[in-house]
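To find a chain, count down the sequence lines: A is the first, B the second, and so on, and within it residues start at 1. Computation of the quantities below employed the complete heavy-atom set of this structure, encompassing side-chain atoms and omitting hydrogens, waters and symmetry-equivalent molecules.
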Number of protein chains: 2
Amino acid sequence: MTSSRSYHHGDLRRALLDAAVEAIAESGPAALSLRDLARRAGVSHAAPAHHFGDKAGLLTALATQGFDRLGEALRGAGDDFRESGVAYVVFAVRHRAHFEVMFRPDLYRADDPDLVAARERTGELLRGGVSRHTGREPDVDALAAWSIAHGFAELWLAGALPTRVGADPEPAARAVVGRLFS
Amino acid sequence: MTSSRSYHHGDLRRALLDAAVEAIAESGPAALSLRDLARRAGVSHAAPAHHFGDKAGLLTALATQGFDRLGEALRGAGDDFRESGVAYVVFAVRHRAHFEVMFRPDLYRADDPDLVAARERTGELLRGGVSRHTGREPDVDALAAWSIAHGFAELWLAGALPTRVGADPEPAARAVVGRLFS
DNA sequence: GCGGCAATCTTGTCAGCGACAAGATTGGAC
DNA sequence: GTCCAATCTTGTCGCTGACAAGATTGCCGC
């Protein structure tokens with residue numbers, strides 16, 4: 001990172017994305033402001049426009065990054081179906097900001113080539129991992145597995161779950177996801 | 001409905017909520033503007049403030065309405081577990097605007113008394129309906145059922161599902177939800 | 001009927017935001 | 001060493017949410 005008083009920031013694009021993650025984690029994607037990100041990064045209010053065009057452009061980049069990182073997390077979970085589901089939930093909770101943007105296509109440009117590619121890669125991974133596990137009707141099985149992991153993650157993030165589920169999502173996620181194909 | 005040129009609107013609160021549903025269905029909750037709603041209802045830009053205080057107040061009312069209507073939809077589905085899940089998904093798709101607000105507590109006041117009451121009522125209904133169906137470990141079963149229906153609905157609304165699932169969510173939802181406890 | 005009151009709606013204003021335009025600064029290619 | 005393109009700044013505009021103050025009207029008691 002270069003000196004803070006230099007005219008050129010050095011790595012503003014990354015700094016803005018990091019600041020966006022921080023801001024979204026604090027107040028949700030709805031309250032995100034480009035000018036606030038610029039302040040956090042110590043640049044002028046118009047600097048973000050050069051790297052992302054507009055707000056949707058920044059969120060497109062964030063969603064793309066999210067799909068890529070979700071892919072890594074799923075690969076790290078191995079072939080086991082249940083662990084993939086748990087990894088999906090853990091990713092959503094640990095990378096809340098990314099996750100909250102990824103599945104709100106009204107916030108970004110869903111037809112952006114880079115984003116489409118990242119989403120396809122991770123989607124294929126998701127579908128393949130499940131249909132490899134069970135023999136018959138892979139489509140419905142994959143959809144069911146994706147749905148249950150995604151639903152649990154969304155409900156957890158929304159704070160909709162009863163408090164007795166506990167503070168750690170992982171054991172609850174393992175139990176819930178395990179109910180499939182049992 | 002009173003004459004459009006009268007000083008008092010007559011039923012502005014309802015008109016604004018209806019307009020909000022329309023606007024959110026068109027462009028998502030992020031693009032919602034109180035001034036746009038006022039224009040749609042034919043009143044001045046400051047009129048909404050009297051009924052809802054601020055934007056969060058309006059969305060709180062919309063979410064409350066949504067939880068109540070989801071409760072009605074679930075009651076209409078009867079005691080059958082699978083049909084409850086399908087009804088949940090159908091509600092999400094048919095009342096997209098309400099659903100999209102209900103599970104985004106960062107958009108409204110989640111501690112509002114009326115909202116909390118409506119959410120509790122529907123939540124109890126959701127949990128009770130499922131644990132009545134299966135005998136053992138009702139908590140995990142209820143959570144799994146809620147998760148799979150909620151996840152499928154969210155993925156459908158986000159446009160994340162492969163196109164071959166089809167244009168009608170109901171048969172796909174029935175198949176996916178049916179995978180639980182099978 | 002009618003006086004007054006409270007609910008409802010209007011006009012006016014302010015700061016913050018996203019987007020755009022035009023200019024300043026700088027690193028690097030040649 | 002010069003020039004160019006990438007990067008960042010300053011300035012501006014219309015839109016938005018929120019607040020303040022005033023206008024209109026339905027309604028209740030008498």
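One atom, CG of L37(A), and another, C1' of dG16(C), lie 14 Å apart when rounded to the nearest Å. Here the P atom of nucleotide dA19(C) and the CG atom of L34(A) are 6 Å apart, to the nearest Å. dG17(D) atom C1' lies 15 Å from atom CG of L107(B), rounded to whole Å. Taking atom CG of residue D11(A) and atom P of nucleotide dT7(D), one finds them 11 Å apart after rounding to whole Å. Between the CG atom of L59(A) and the P atom of dG18(C) there is a distance of 10 Å, given to the nearest Å.
Residues H150(A) and E154(B) bring no donor and acceptor atom of their side chains to less than 3.5 Å of each other.
Relative ring orientation between F103(B) and Y88(B) is described as tilted, the plane-to-plane angle lying within the 30° to 60° band.
OP1 or OP2 of dA7(C) has not a single side-chain nitrogen or oxygen of R13(B) nearer than 4.0 Å. Under 4.0 angstrom from either OP1 or OP2 of dG18(C) there lies at least one side-chain N or O belonging to S33(A). When the side-chain nitrogen and oxygen atoms of R35(B) are compared with OP1 and OP2 of dT10(C), none of them lie within a distance under 4.0 Å.
Aromatic ring centres of F91(A) and H95(A) lie closer together than 6.0 Å.
Residues from residues 18-32 of chain B that place a heavy atom under 4.0 Å from any atom of DNA chain D, listed by number: L32(B). Within residues 43-55 of chain A, the residues having any heavy atom closer than 4.0 Å to DNA chain C are, in order of number, H45(A), A46(A), D54(A), K55(A).
No option in L16(B), L17(B), D11(B) other than D11(B) meets the side-chain contact (heavy atoms from CB on, under 4.5 Å) test with R14(B).
E100(B) has a carboxylate O that lies under 4.0 Å from a charged side-chain N of R96(B), or vice versa, which qualifies the two as a salt bridge.
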- Message: Please evaluate residues D36(A) and R40(A) with respect to the criterion salt bridge (charged side-chain N to carboxylate O under 4.0 Å, His left out), reporting the C-alpha separation (whole Å), side-chain torsions for both, the decisive distance (0.1 Å), and the verdict.
- Response: CA-CA 6 Å; D36(A) 177 53; R40(A) 287 175 192 248; 2.9 Å; yes
- Message: Between R127(A) and D139(A), is the salt bridge (charged side-chain N to carboxylate O under 4.0 Å, His left out) condition met? List the steps.
- Response: CA-CA 8 Å; R127(A) 252 167 280 136; D139(A) 282 358; over 6 Å; no
- Task: Starting from the C-alpha separation in whole Å, work towards a yes-or-no answer on salt bridge (charged side-chain N to carboxylate O under 4.0 Å, His left out) for D54(A) and R109(A).
- Result: CA-CA 11 Å; D54(A) 55 4; R109(A) 272 184 283 279; 3.0 Å; yes
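In terms of the salt bridge (charged side-chain N to carboxylate O under 4.0 Å, His left out) criterion, R82(A) has no residue partners (sequence neighbours excluded).
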